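Working notes, structure below.
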Amino acid sequence: MSDVLAVRFQRPRIGTAEAAELALERFGLRGVLDELPSERDRNFRITTPAGERYVLKLAHADESPEILDLQHRALERIAARAPQLTMPRLVRSLGGQEADIAHADSGIPHLARVLTWVPGREWARCSPQTPELL
């Protein structure tokens, strides 16, 4: 019998209109939303009327809050040590949270968060993904 590592996750089932409502209600962001490629999560680029850009990220239902916290602490530490780097910054919710619970159409809770947009081509659209690019 072989050992099999099974990856399971429930990708958020949320459309652009629901994501726009979530961005406005939880983060105070209004704008045009475009869905971004993602394997496990659901991500939307938000472009505000003023031209500011953000990424609304909805984690899959099985994502550990500790993993998201680790990502947030890493971004925070890098920003503190190298503030000149162009990198995403965490945007807190209107309630001051780093991640907020959102329910998708299915009623399943997902953690929602917002990061600032970093200009460039999305990784999923880069081909080939060479060792040098990595």
Side-chain angles (χ1 to χ4, degrees):
M1 181 177 211
S2 66
D3 292 329
V4 176
L5 177 61
V7 175
R8 69 178 190 96
F9 56 85
Q10 296 179 9
R11 191 166 184 245
R13 292 189 314 189
I14 185 169
T16 304
E18 294 86 5
E21 185 177 325
L22 173 66
L24 181 59
E25 289 179 2
R26 303 289 177 88
F27 296 91
L29 295 172
R30 180 186 310 271
V32 175
L33 273 69
D34 299 300
E35 187 164 0
L36 299 168
S38 177
E39 176 190 12
R40 300 163 24 139
D41 303 325
R42 182 91 51 196
N43 300 314
F44 297 89
R45 179 180 48 226
I46 304 168
T47 305
T48 70
E52 299 170 313
R53 289 185 171 179
Y54 301 90
V55 178
L56 172 64
K57 300 178 69 64
L58 288 104
H60 64 88
D62 296 319
E63 185 67 87
S64 163
E66 291 82 11
I67 293 296
L68 297 184
D69 185 61
L70 174 67
Q71 292 175 15
H72 298 165
R73 299 295 70 79
L75 286 172
E76 190 175 73
R77 184 162 176 96
I78 294 167
R81 297 217 177 223
Q84 74 281 5
L85 289 178
T86 301
M87 55 179 279
R89 310 281 197 223
L90 189 63
V91 176
R92 290 183 178 269
S93 72
L94 294 175
Q97 304 297 317
E98 292 180 340
D100 209 341
I101 296 175
H103 291 84
D105 289 344
S106 61
I108 296 172
H110 298 275
L111 290 172
R113 58 199 174 130
V114 171
L115 299 172
T116 57
W117 173 262
V118 174
R121 190 166 44 156
E122 296 96 28
W123 176 251
R125 299 188 201 284
C126 293
S127 181
Q129 294 175 345
T130 64
E132 293 80 18
L133 188 56
L134 288 170

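Start at 1 with the first residue, then count along the sequence. Everything numeric in this text was worked out from a predicted model, so none of it was measured. When reading the values below, keep in mind they use all heavy atoms of this one structure, side chains included, and skip hydrogens, waters and symmetry mates.
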(request) Return the minimal non-hydrogen interatomic distance between Ala112 and Ala102, and the atom names on each side. (result) CB-CB, 4.2 Å

(message) Taking the side chain as everything from C-beta on, heavy atoms only, tell me whether Arg113 gets closer than 4.5 Å to Leu68.
(response) yes

(message) Please check this pair: side chain of His110 against backbone of Ala59, looking for a donor-acceptor N/O pair closer than 3.5 Å.
(response) yes

(message) Looking at every heavy atom in both Leu58 and Asn43, which two are closest together, and how far apart are they?
(response) N-OD1, 4.1 Å

(request) Can you see which heavy atom on Ala23 is nearest to which on Leu56, and at what distance? (result) CB-CD2, 4.3 Å

(message) Could you measure the distance from the CZ atom of Arg81 to the CD atom of Gln84? Nearest 0.5 Å is fine.
(response) 12.5 Å

(request) Using the rule that two of Ile, Leu, Val, Met, Phe, Trp, Tyr join whenever any of their side-chain heavy atoms come within less than 4.5 Å, decide whether Val118 and Leu85 are in one cluster. (result) no

Return a table of donor-acceptor pairs under 3.5 angstrom between the side chains of residues 87-97 and protein atoms on other chains or two or more places apart.
| unit_1 | atom_1 | unit_2 | atom_2 | d |
| --- | --- | --- | --- | --- |
| Arg89 | NH2 | Pro83 | O | 3.3 |
| Arg92 | NH1 | Gly96 | O | 2.8 |
| Arg92 | NH2 | Glu98 | OE2 | 3.4 |
| Ser93 | OG | Gly95 | N | 3.3 |
| Ser93 | OG | Gly96 | N | 3.4 |
| Ser93 | OG | Gln97 | N | 3.0 |

(message) Running the 4.5 Å side-chain criterion over Ile, Leu, Val, Met, Phe, Trp and Tyr, what cluster does Leu70 land in, apart from itself?
(response) none

(message) If you apply the rule side chain to side chain contact (heavy atoms under 4.5 Å, CB included), what do you find for Thr47 with Trp117, and how did you get there?
(response) CA-CA 9 Å; Thr47 305; Trp117 173 262; over 6 Å; no

(message) Rounded to the nearest 0.5 Å, what separates atom CG in Leu29 from atom CG in Leu24?
(response) 8.0 Å

(message) Within this structure, what is the CG-CZ distance for the pair Asp62 and Arg40, rounded to the nearest 0.5 Å?
(response) 9.0 Å

(request) Can you see which heavy atom on Ala20 is nearest to which on Leu33, and at what distance? (result) N-CD2, 3.4 Å

(message) Could you see if Val32 belongs to whatever hydrophobic cluster contains Leu22? Use Ile, Leu, Val, Met, Phe, Trp, Tyr and a side-chain cutoff under 4.5 Å.
(response) no

(message) Counting C-beta onward and ignoring hydrogens, is there a side-chain heavy-atom pair between Ile101 and Leu111 closer than 4.5 Å?
(response) yes

(request) Working to the nearest 0.5 Å, report the span between CD of Glu25 and CZ of Arg30. (result) 10.5 Å

(request) Name all residues meeting the side-chain hydrogen bond (donor to acceptor under 3.5 Å, both in side chains) criterion together with Glu35; count only those two or more places apart in sequence or in a different chain, and write none if there are none. (result) Arg42

(message) Please report the interatomic distance CG(Leu36) to NZ(Lys57), rounded to the nearest 0.5 Å.
(response) 8.5 Å

(message) Is the shortest side-chain heavy-atom distance between Phe44 and Ile14 below 4.5 Å?
(response) yes

(message) Can you tell me how far apart CD (Glu39) and NE2 (His60) are? Round to the nearest 0.5 Å.
(response) 9.0 Å

